[in-house]
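Every chain is numbered from 1 and lettered A, B, ... according to where its sequence line falls, protein lines coming before strand lines.
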Amino acid sequence: MRVNFTVNGRPQQADDVWEGESLLYVLRERLGLPGSKNACEQGECGSCTVRLDGVPVCSCLVAAGQAEGRDVVTVEGLADYARQRTQGEGEGTSLDAAQRWQAAGGTDSRTGEGGALAPIQQAFIDAGAVQCGFCTPGLLVASDELLERNPNPSDADIREALSGNLCRCTGYEKIMDAVRLAAARQSEGV
Amino acid sequence: MDFLRPASWEEALAAKAEHPTAVPIAGGTDVMVEINFDHRRPEYLLDLNRVGELHEWEAGEDTVRLGASVPYTAIMERLRAELPGLALAAHTVASPQIRNRGGVGGNLGTASPAGDAHPALLAAGAEVEVASAARGTRMIPIDAFYTGVKRNALQPDELIRAVHIAKADGPQQYSKVGTRNAMVIAVCAFGLALHPATRTVRTGIGSAAPTPVRATAAEEFLNAALEEGGFWDNGKIITPSAVKRFADLCAAACNPIDDVRGTAGYRRHAIGVLARRTLTWTWESYRDARRTTEGAA
Ligand SMILES: Cc1cc2nc3c(=O)[nH]c(=O)nc-3n(C[C@H](O)[C@H](O)[C@H](O)COP(=O)(O)OP(=O)(O)OC[C@H]3O[C@@H](n4cnc5c(N)ncnc54)[C@H](O)[C@@H]3O)c2cc1C
Ligand code: FES
Ligand code: FES
């Protein structure tokens, strides 16, 4: 079947979608957006977290057909999404730009220099919250949504908001630091 | 596989009548796991996401009519006053991502003995509103809904429209045993609701019998003990021996198994502990509320 939906602010179409396929599979394998990770395919790890009509969900548990006509934001579109939120209307991220995201603007993945990053992405880099990086996309999407909803979260709020995202490397402390850092920068308007 | 996308409730019932083997999919948090792992290959998936009324609720005089697909997040955030037991139970489900998608209709559809909504629904008192194109609507009392391990009273052509849950008329609690605070399926769970309006106590036990169950003998014992001692009127602390007897009867209502999450013996023991705790907590709130109203009078 064919699925028409909005991905990172632009209309997209996926063809030859199998009816039992997940939104995660469509994003990764049909649209070429591998940012959302597939670690468990059973809702346990959160590495596939995307926004569906603004709401954080595990894309591995959304049937592709359920995304028809709806609005999806993935980690590839997070920087544009965050910019639009603070600066008003924008044009979203084209599929091409999203697919090439890693290379976009020659971003240095160790420092974040040279690329357009969402504040939460820069904070993860600055706080050293990324080790193997497999959990990072899901954590970024979930953390960004938390800070949108609750600009000044307590530690308990952060833990709760990220309780559906597993990380096997960091021990979470640096991730907590990153979210606190992004919150502080957001409130200072930097 | 075919993907059916009814745009209205009538269309959904018609599709289910035409394809009784179609598997409804709401939040997908149970269904998609089965499909991803190839445990299930239904001929038809029946997507309920476009049926708007399933995502809505109405609070009436005595009950809340909770649409089958209202996500746990909304129950936690918006229905805490009317449905405190269910709101507490909802908060223990999985993670924010799962709670944003999953709801009570899916929990009832799966009818796992470990489903967190069940003990809260049993304790509050509820009826499940189901419908079919051929026979219209019928109401299934929650006590008659669970018919076996992961089995429920739905007919193949029926869908769950809503759950009618009694609005809280007194304190309610929900307690769950697991290895961490998020992302755990209950080792066992216990829901308790005080109903001062009818001077009754209701319970619900999860994950400690083939189906979710009430501890009926424990309820009967406690109802009689509270009545005899005039506790609803005098608001005294319930006699420890009565609390213990209640807890023992709750443990006796279990019919658990040994599995990876816990042994039968542990489950029985833990249900007794949860019963004692939730009774103590709810009774304390009842006494506090009484003191406040009396103080104001
Ligand atoms: C990682 C993870 C953790 C979880 N943790 C918990 C937990 O802590 N506690 C808990 O209780 N559950 C848990 N679950 C299970 C699941 O989230 C719940 O059972 C949830 O309530 C299912 O709701 P849903 O809308 O996603 O159901 P779906 O997956 O869409 O459907 C579940 C079943 O109900 C049927 N169904 C759905 N809607 C209807 C309807 N309107 N009429 C008739 N049948 C219908 C479906 O056909 C299917 O058989 C967890 C799941 C995952 C993936
Ligand atoms: S891949 Fe979706 S939650 Fe793990
Ligand atoms: S950084 Fe490796 S899993 Fe989180």
Trainee: Please test B:Asn107 against B:Tyr72 for side chain to side chain donor-acceptor pair (under 3.5 Å), starting from the C-alpha separation and ending with a verdict.
Mentor: CA-CA 10 Å; B:Asn107 218 229; B:Tyr72 290 118; 3.3 Å; yes
Trainee: Under a 4.5 Å heavy-atom cut-off, does chain A meet the side chain of B:Ile98, its backbone, both or neither?
Mentor: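 Only the side chain of B:Ile98 comes within 4.5 Å of chain A.
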Trainee: For A:Arg168, look at atom CZ and say whether over 12 heavy atoms of other residues, nucleotides or ligands are found less than 6.0 Å away.
Mentor: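 No - once you tally the heavy atoms of other residues, nucleotides and ligands closer than 6.0 Å, there are 12 at most.
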Trainee: Does a side-chain N-to-carboxylate-O contact under 4.0 Å join A:Asp80 and A:Arg10?
Mentor: no
Trainee: Can you establish whether the number of heavy atoms outside A:Asp53 located under 6.0 Å from its atom CG is more than 12?
Mentor: yes
Trainee: So which part of B:Arg50 gets closer than 4.5 Å to some heavy atom of chain A, the side chain, the backbone, both or neither?
Mentor: neither
Trainee: Side chain, backbone, both or neither: which part of B:Arg40 has a non-hydrogen atom closer than 4.5 Å to chain A?
Mentor: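 Neither part.
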Trainee: Are the side chain of A:Arg51 and the backbone of A:Pro56 linked by a donor-acceptor contact shorter than 3.5 Å?
Mentor: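 No; zero donor-acceptor contacts below 3.5 Å.
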Trainee: Can you tell me which of A:Glu145, A:Glu68, A:Glu21 forms the most heavy-atom pairs within a distance under 4.5 Å of chain B?
Mentor: A:Glu68
Trainee: Given that the side chain runs from C-beta out, which part of A:Arg70 has a heavy atom under 4.5 Å from chain B: side chain, backbone, both or neither?
Mentor: side chain
Trainee: Relative to chain A, which segment of B:Phe37 carries a heavy atom at a distance below 4.5 Å: side chain, backbone, both, or neither?
Mentor: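 Side chain only.
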Trainee: Could you tell me which portion of A:Ser163 (side chain, backbone, both or neither) has an atom closer than 4.5 angstrom to a non-hydrogen atom of chain B?
Mentor: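 Contact with chain B: backbone and side chain both.
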Trainee: Does A:Tyr172, at its OH atom, have more than 12 non-hydrogen atoms belonging to other residues, nucleotides or ligands within less than 6.0 Å?
Mentor: yes
Trainee: With respect to chain B, which residue among A:Cys40, A:Cys60, A:Gly43, A:Gly65 yields the maximal number of heavy-atom pairs within a distance under 4.5 Å?
Mentor: A:Gly65
Trainee: Between A:Ala161 and chain B, with a heavy-atom cut-off of 4.5 Å, which part of the residue counts as in contact: side chain, backbone, both or neither?
Mentor: backbone
Trainee: Measure A:Leu52 against the heavy atoms of chain B and call it side chain, backbone, both or neither at under 4.5 Å.
Mentor: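 Just the side chain, heavy atoms under 4.5 Å.
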Trainee: Against chain A, work out which of B:Val33, B:Leu48, B:Leu45 has the most heavy-atom pairs shorter than 4.5 Å and name it.
Mentor: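 Between B:Val33, B:Leu48, B:Leu45, the count favours B:Val33.
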Trainee: Name the option with the most non-hydrogen atom pairs under 4.5 Å to chain A; the candidates are B:Arg41, B:Glu34, B:Met1.
Mentor: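 Max contact count across the listed options: B:Met1.
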Trainee: Salt-bridge test for A:Arg180 and A:Asp155: reply yes if a basic N is under 4.0 Å from a carboxylate O, no otherwise.
Mentor: yes
Trainee: Does atom CD of B:Glu53 have more than 12 heavy-atom neighbours, drawn from other residues, nucleotides or ligands, at distances under 6.0 Å?
Mentor: yes
